[in-house]
Amino acid sequence: MSVSDKEKEEIEKSSAPLIEHLIELRRRLIWSLGGFFVAFLVCFFFAKRLFNLLVVPFKWATQWAGLDPHKVELIYTAPQEFFFTQVKLAMFGGMVIAFPLIATQIYKFIAPGLYRNERSAFLPFLIASPILFLMGASLVYFFFTPMVMWFFLAMQQAGTNDQVQISLLPKVSEYLSLIMTLIFSFGLVFQLPVVTSLLTRVGLLSSQALADKRKWAIVLSFVVAAVLTPPDPLSQCGLAIPTIILYEVAIWSSRMIERSQARDRLAREQQDAGATVAEKAADTSSTQAPS
């Protein structure tokens with residue numbers, strides 16, 4: 001039996017009626033929604049502590065600006081604003097915590113319809129995706145959020161006889177939206193090697209095509225950074241530069257995948273050639289054998 005016949009048999013074994021696929025889909029959705037709901041409740045219970053944790057980069061920025069970090073103050077101007085801010089924070093945290101479970105359920109649903117080599121190729125990307133997202137989120141938390149807030153704190157104006165005092169008093173909802181936007185933007189950008197590697201593996205993209213579009217990618221990186229980040233040059237360059245670096249990583253990763261595929265293809269050709277030679281030798285020996 002040839003390799004293609006084995007793959008076809010494997011797919012036929014995994015085939016099921018439509019109703020069974022719908023039942024399987026419902027089960028996976030229940031697990032995903034249940035995991036998100038539990039994570040949401042846990043995050044909402046600790047919402048104030050989580051918000052205080054997100055304020056830590058703001059305190060670092062006040063130290064960089066030469067201010068007292070113990071006097072950091074955020075406000076809310078509507079009675080329900082802080083409550084809905086906690087709900088939004090709980091939803092964001094619940095999605096981040098439940099993402100491994102949701103991704104696992106998606107993989108388990110589509111895995112029976114994949115060939116064995118496709119499943120083995122897809123699994124590493126499933127593991128790399130949350131790791132890269134956490135790397136982007138860590139970069140935002142430990143460096144870019146303090147840098148952005150320091151930039152905004154530097155715009156404050158001390159009150160004198162000739163000028164009024166202008167102080168930064170951010171709203172809790174606006175601060176949360178800022179840091180969530182930065183985390184989402186960097187987490188999304190850090191998925192670039194994963195997406196390009198998957199497209200290269202399935203044959204929709206090549207390393208040469210990525211290299212040829214490098215100039216356009218640099219321009220597009222600054223355009224996307226201008227849209228996703230606050231309107232200050234520090235945060236825009238802070239997102240655009242890692243995007244360009246990740247684009248180069250994506251080119252390198254695509255080249256490695258292409259080399260691996262070329263080696264596998266050469267090994268299969270040599271194996272098929274050996275099998276053909278063996279079959280011809282067997283036919284020749286059977287023909288020359290005395291009756």
Side-chain angles (χ1 to χ4, degrees), residues 3-4 7 96 99-100 103 106-107 110-111 113-145 147-148 180-273:
V3 177
S4 60
E7 292 177 344
V96 172
F99 177 78
I106 294 174
Y107 174 75
I110 66 175
L114 301 175
Y115 295 124
R116 183 177 302 175
N117 61 336
E118 291 175 339
R119 290 198 295 267
S120 61
F122 186 77
L123 190 58
F125 298 108
L126 190 65
I127 298 174
S129 182
I131 294 177
L132 290 173
F133 184 88
L134 289 178
M135 290 176 59
S138 300
L139 191 63
V140 169
Y141 185 85
F142 291 104
F143 182 70
F144 284 105
T145 299
M147 183 181 64
V148 170
M180 283 175 54
T181 300
L182 289 174
I183 290 176
F184 177 77
S185 302
F186 277 78
L188 189 63
V189 165
F190 269 65
Q191 303 304 310
L192 183 61
V194 174
V195 175
T196 54
S197 298
L198 281 173
L199 293 177
T200 302
R201 188 171 290 275
V202 300
L204 297 177
L205 198 61
S206 66
S207 60
Q208 187 60 42
L210 290 173
D212 292 340
K213 302 296 189 298
R214 182 182 282 111
K215 294 180 180 180
W216 292 102
I218 294 174
V219 175
L220 186 61
S221 298
F222 282 95
V223 172
V224 172
V227 173
L228 295 179
T229 59
D232 64 276
L234 290 178
S235 59
Q236 291 175 8
C237 293
L239 180 58
I241 293 175
T243 303
I244 297 171
I245 296 175
L246 288 170
Y247 190 83
E248 296 297 327
V249 173
I251 296 176
W252 175 83
S253 177
S254 297
R255 286 174 179 167
M256 294 298 103
I257 292 174
E258 289 172 349
R259 291 176 184 175
S260 177
Q261 290 177 338
R263 288 194 298 267
D264 294 340
R265 184 166 54 253
L266 180 60
R268 287 196 302 268
E269 291 175 355
Q270 292 176 348
Q271 184 179 2
D272 293 340

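Remember, predicted model here, so these are calculated numbers, not experimental data.
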A side-chain contact here means heavy atoms from C-beta on lying under 4.5 Å apart; do Pro130 and Leu134 qualify?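 No, their side chains stay 4.5 Å or more apart.
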Quick one: pull up [atom1] in [X] and [atom2] in [Y] and give me the separation to the nearest 0.5 Å.
X	Y	atom1	atom2	answer
Ile245	Leu192	CD1	CG	12.0 Å
Gln208	Lys213	CD	NZ	9.5 Å
Ser221	Trp216	OG	CH2	13.5 Å
Leu205	Leu210	CG	CG	4.0 Å
Phe133	Phe99	CZ	CZ	8.5 Å
Leu220	Tyr247	CG	OH	9.5 Å

Short side-chain to backbone donor-acceptor contact, Thr196 and Pro193, under 3.5 Å: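 A pair under 3.5 Å: yes.
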Is there a donor-acceptor pair under 3.5 Å between the side chain of Ser260 and the backbone N or O of Met256?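 No; zero donor-acceptor contacts below 3.5 Å.
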Of all pairs that satisfy side chain to side chain donor-acceptor pair (under 3.5 Å), the ones with a partner from residues 131-144, not counting sequence neighbours: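 Found none.
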Any residue meeting side chain to side chain donor-acceptor pair (under 3.5 Å) with Thr200, in chain and number order, not counting sequence neighbours: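 Applying side chain to side chain donor-acceptor pair (under 3.5 Å) to Thr200 gives Ser254.
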For Phe190, check ring pair (Phe, Tyr, Trp, His ring centres under 6.0 Å) against everything at least two apart and list the hits.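 None.
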Could you tell me which residues satisfy side-chain contact (heavy atoms from CB on, under 4.5 Å) with [X], sequence neighbours excluded, listed by chain and number?
X	value
Arg255	Ser207, Ala211, Ile251
Val189	Leu239, Thr243, Leu246
Ile218	Arg214, Phe222, Ile244

Gln191 and Ser129: side chain donor to acceptor below 3.5 Å: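 Side-chain D/A pair, Gln191 to Ser129: present.
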For Val194, the option from Leu132, Leu199, Ile131 that meets side-chain contact (heavy atoms from CB on, under 4.5 Å):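 The passing option is Leu132.
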